[in-house]
Amino acid sequence: MKRFAIALAAALLLGSPYAAGAHEMSHGKTTTITGEVVDTGCYLGHAARGASHTSCALKCVKGGMPMGVLTRQGALYLVTLNHDNPDPYNQLKDLAGKNVTVTGTLVTRSGMKGIDVTSVKPAA
């Protein structure tokens, strides 16, 4: 057991620089977008969104399904957790199916658009 604990501690120490770098976001432009908070599974799977899908979206998001913000222009942004301030991301979970205005760092990679959310408020 002692050997296992030492091996685990060594692995954690050796792996920590990689783990820290793995969560770094590419520096993008701070932007504000407005749209509906959708659960990406139902939206991508069968275009589910809107008031009739709110209860399902809440259940899916609170169950761990990734969230997105779908703009009126039809652009979908994956919402990512800001590691320095997780509160706005967690607030969005309660707003699934609702229209919101989100501010954060815009990121793109391999054709996917995302926003590292730093603030959120219900849309006017």
Side-chain angles (χ1 to χ4, degrees):
M1 184 66 170
K2 185 176 179 179
R3 285 186 205 162
F4 175 75
I6 292 171
L8 179 62
L12 289 173
L13 286 174
L14 292 174
S16 64
Y18 171 76
H23 290 288
E24 289 181 16
M25 279 288 196
S26 60
H27 297 290
K29 179 180 169 185
T30 298
T31 191
T32 299
I33 59 173
T34 299
E36 180 184 342
V37 179
V38 296
D39 71 280
T40 57
C42 290
Y43 178 73
L44 292 172
H46 47 90
R49 63 182 203 83
S52 64
H53 187 255
T54 299
S55 64
C56 182
L58 282 166
K59 182 179 177 183
C60 289
V61 165
K62 289 184 179 194
M65 184 65 65
M67 292 180 285
V69 174
L70 179 65
T71 68
R72 290 185 182 138
Q73 295 78 25
L76 180 64
Y77 293 85
L78 178 68
V79 178
T80 60
L81 174 78
N82 182 289
H83 289 90
D84 294 328
N85 182 10
D87 293 341
Y89 180 89
N90 290 323
Q91 289 171 351
L92 274 178
K93 290 179 183 180
D94 292 327
L95 297 171
K98 307 285 187 205
N99 286 310
V100 297
T101 298
V102 174
T103 300
T105 305
L106 185 64
V107 293
T108 59
R109 189 167 321 278
S110 300
M112 179 177 273
K113 294 178 284 195
I115 188 163
D116 191 47
V117 65
T118 56
S119 70
V120 60
K121 63 182 179 180

message: Checking V102 against I115 for the side chain to side chain contact (heavy atoms under 4.5 Å, CB included) test, could you report, in this order, the C-alpha distance in whole Å, the side-chain angles of both residues, the deciding distance, and whether it holds?
response: CA-CA 8 Å; V102 174; I115 188 163; 4.0 Å; yes
Closest non-hydrogen atom pair between G97 and A57, with its separation: N-CB, 4.4 Å
message: Quick check: do T108 and K113 have side-chain heavy atoms less than 4.5 Å from each other?
response: yes
message: Using 0.5 Å steps for rounding, measure from the CG atom of N99 to the OG1 atom of T34.
response: 8.5 Å
message: I'd like to know if the side chain of D116 pairs up with that of T80 as donor and acceptor (distance under 3.5 Å, no hydrogens or angles considered).
response: yes
query: Is there a side-chain contact between D39 and H53 (heavy atoms, below 4.5 Å)?
result: yes
- prompt: Given side chains that start at C-beta, do those of T30 and T103 come closer than 4.5 Å, heavy atoms only?
  reply: yes
- prompt: Counting distance only, does the side-chain N/O of E36 pair as donor-acceptor with the main-chain N or O of G50 below 3.5 Å?
  reply: yes
task: Establish whether L95 and L58 are linked, either directly or via other cluster members, by ILVMFWY side-chain heavy-atom contacts under 4.5 Å.
output: no
field: 4.5 Å side-chain heavy-atom contact, V79 and Y89
entry: yes
Extract all donor-acceptor atom pairs below 3.5 Å that involve side chains of residues 59-78 and protein atoms in other chains or at least two apart in sequence.
from, atom 1, to, atom 2, distance (Å)
K62, NZ, D94, OD1, 2.9
T71, OG1, Q73, N, 3.3
T71, OG1, Q73, OE1, 3.4
T71, OG1, G74, N, 3.4
T71, OG1, A75, N, 3.1
T71, OG1, A75, O, 3.4

field: Test item: L92 and V100 side chains (from C-beta on) under 4.5 Å apart, heavy atoms
entry: yes
message: I want to check something: taking the side chain as every heavy atom from C-beta on, are T101 and I33 in contact at a cut-off of under 4.5 Å?
response: no
